[in-house]
S.K.: 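Mind having a look at this structure? Questions to follow.
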Amino acid sequence: MGKGQWLKKRTIPILTVLLTIALTVVLFIYRDQVAELGNYGYLGAFLVSLVSSATIVLPVPGIVVLFALGADPNLNPILVGVVGGTGAVIGEITGFLAGYGGRGLIEGKGRVYTMVENWMKRWGSWAIFVLAAAPLPFFDIAGVVAGASGYPVWKFLLVAWPGKVIKYIVLVLAGAWGWETLLPYIS
């Protein structure tokens with residue numbers, strides 16, 4: 001293997017992982033500013049979801065903001081869920097890239113990683129869809145597994161999108177209905 005090939009084979013994956021980690025840390029540090037994006041209606045729902053899903057493992061308050069947007073009478077909760085789910089699935093590309101770039105770096109797989117990897121081997125696209133729709137924190141790991149296993153990014157996004165949209169619609173509707181139910185008791 002020539003020097004140029006070696007450099008490309010080793011440097012690009014390491015830079016991809018480092019970029020993903022740096023993005024996660026920066027978004028975590030500025031999570032309060034991310035929450036303020038919710039003030040921009042549908043665009044805010046998209047941006048909050050995009051940014052909060054771009055972090056890997058570290059929490060950014062995207063779900064809380066979308067839940068609150070469900071209570072905004074000027075916004076259609078279904079549309080907020082669709083826009084939020086779309087932003088979320090695009091943000092999940094960072095986890096996919098971390099897996100893709102870190103293929104050679106992933107050695108000591110954890111228990112959850114192995115479990116998600118086995119689900120994806122057994123059920124393929126259905127596992128990605130269900131993990132995207134489920135209110136579980138495993139979807140970041142599903143993105144890493146998909147990237148590391150060479151799953152096509154277009155297929156990952158296509159399968160994850162309806163799952164994320166369903167999850168976000170339910171979340172935003174819960175915010176809308178929950179807020180309306182609580183309002184008489186707190187006013």
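The first residue in the sequence is number 1, and the count goes up from there.
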S.K.: Apply side chain to side chain contact (heavy atoms under 4.5 Å, CB included) to residues V172 and L79 and explain how you reach the verdict.
M.R.: CA-CA 9 Å; V172 174; L79 190 53; over 6 Å; no

S.K.: Please give me the minimum heavy-atom distance between A45 and V80, naming the atom from each residue.
M.R.: CB-CG1, 4.0 Å

S.K.: S149 side chain to A146 main-chain N or O, any donor-acceptor pair under 3.5 Å?
M.R.: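 Checking the backbone N and O of A146 against the side chain of S149, a donor-acceptor pair under 3.5 Å is found.
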
S.K.: If we count only N and O atoms by modelled type, under 3.5 Å, do the side chains of T86 and Y168 hold a donor and an acceptor together?
M.R.: no

S.K.: Would you call the rings of F129 and W126 parallel, tilted or perpendicular if under 30° counts as parallel and over 60° as perpendicular?
M.R.: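 Perpendicular: the ring planes of F129 and W126 meet at over 60°.
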
S.K.: In Å, rounded to the nearest 0.5 Å, how long is the span from CD1 of I128 to CH2 of W119?
M.R.: 13.0 Å

S.K.: Would you compute the distance between atom CD1 of I166 and atom CH2 of W161 and round it to the nearest 0.5 angstrom?
M.R.: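 Reported value, rounded in 0.5 Å steps: 9.5 Å.
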
S.K.: Please report the closest heavy-atom contact between A142 and V116, naming both atoms and the distance.
M.R.: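 The pair with the smallest heavy-atom distance is CA-CG1, 3.7 Å.
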
S.K.: Taking a hydrophobic cluster as the set of Ile, Leu, Val, Met, Phe, Trp and Tyr residues connected by side-chain heavy atoms closer than 4.5 Å, whether directly or through intermediates, do M115 and L131 fall within one such cluster?
M.R.: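 Same cluster.
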
S.K.: Verify, without hydrogens or angle tests, whether S49 (side chain) and G84 (backbone) share a donor-acceptor contact under 3.5 angstrom.
M.R.: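 Answer holds: yes.
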
S.K.: How many angstroms lie between atom CG of N74 and atom OH of Y42, to the nearest 0.5 angstrom?
M.R.: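 So the CG of N74 and the OH of Y42 are separated by 8.5 Å.
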
S.K.: Can you classify the ring geometry of F156 versus Y151 as parallel (below 30°), tilted (30 to 60°) or perpendicular (above 60°)?
M.R.: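 Answer is perpendicular, since the angle exceeds 60°.
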
S.K.: State, to 0.1 Å, how close F96 and P152 come at their nearest heavy-atom pair, and which atoms those are.
M.R.: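 Answer, listing the atom of F96 first, then P152: CZ-C, 4.2 Å.
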
S.K.: Within the structure provided, determine whether I78 and L173 are in side-chain contact (heavy-atom separation under 4.5 Å).
M.R.: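 I78 vs L173: side chains touch.
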
S.K.: Within a strict 4.5 Å, meaning less than it, do heavy atoms of the I90 and L157 side chains meet?
M.R.: no

S.K.: If you compare all heavy atoms of M120 against all heavy atoms of V145, which two are closest, and at what distance to 0.1 Å?
M.R.: SD-CG1, 3.6 Å

S.K.: Between A88 and K164, what is the shortest heavy-atom contact and its length?
M.R.: CB-CD, 4.1 Å

S.K.: Using the rule that two of Ile, Leu, Val, Met, Phe, Trp, Tyr join whenever any of their side-chain heavy atoms come within less than 4.5 Å, decide whether V165 and V170 are in one cluster.
M.R.: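 No.
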
S.K.: Answer yes or no: is there a donor N or O on one side and an acceptor on the other, between the side chain of Y100 and the main chain of V153, under 3.5 Å?
M.R.: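 Not at all, since once roles are kept as given, no pair shorter than 3.5 Å links the two residues.
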
S.K.: Ignoring hydrogens, what is the shortest heavy-atom contact between D140 and S53? Give both atom names and the distance.
M.R.: OD1-O, 4.5 Å

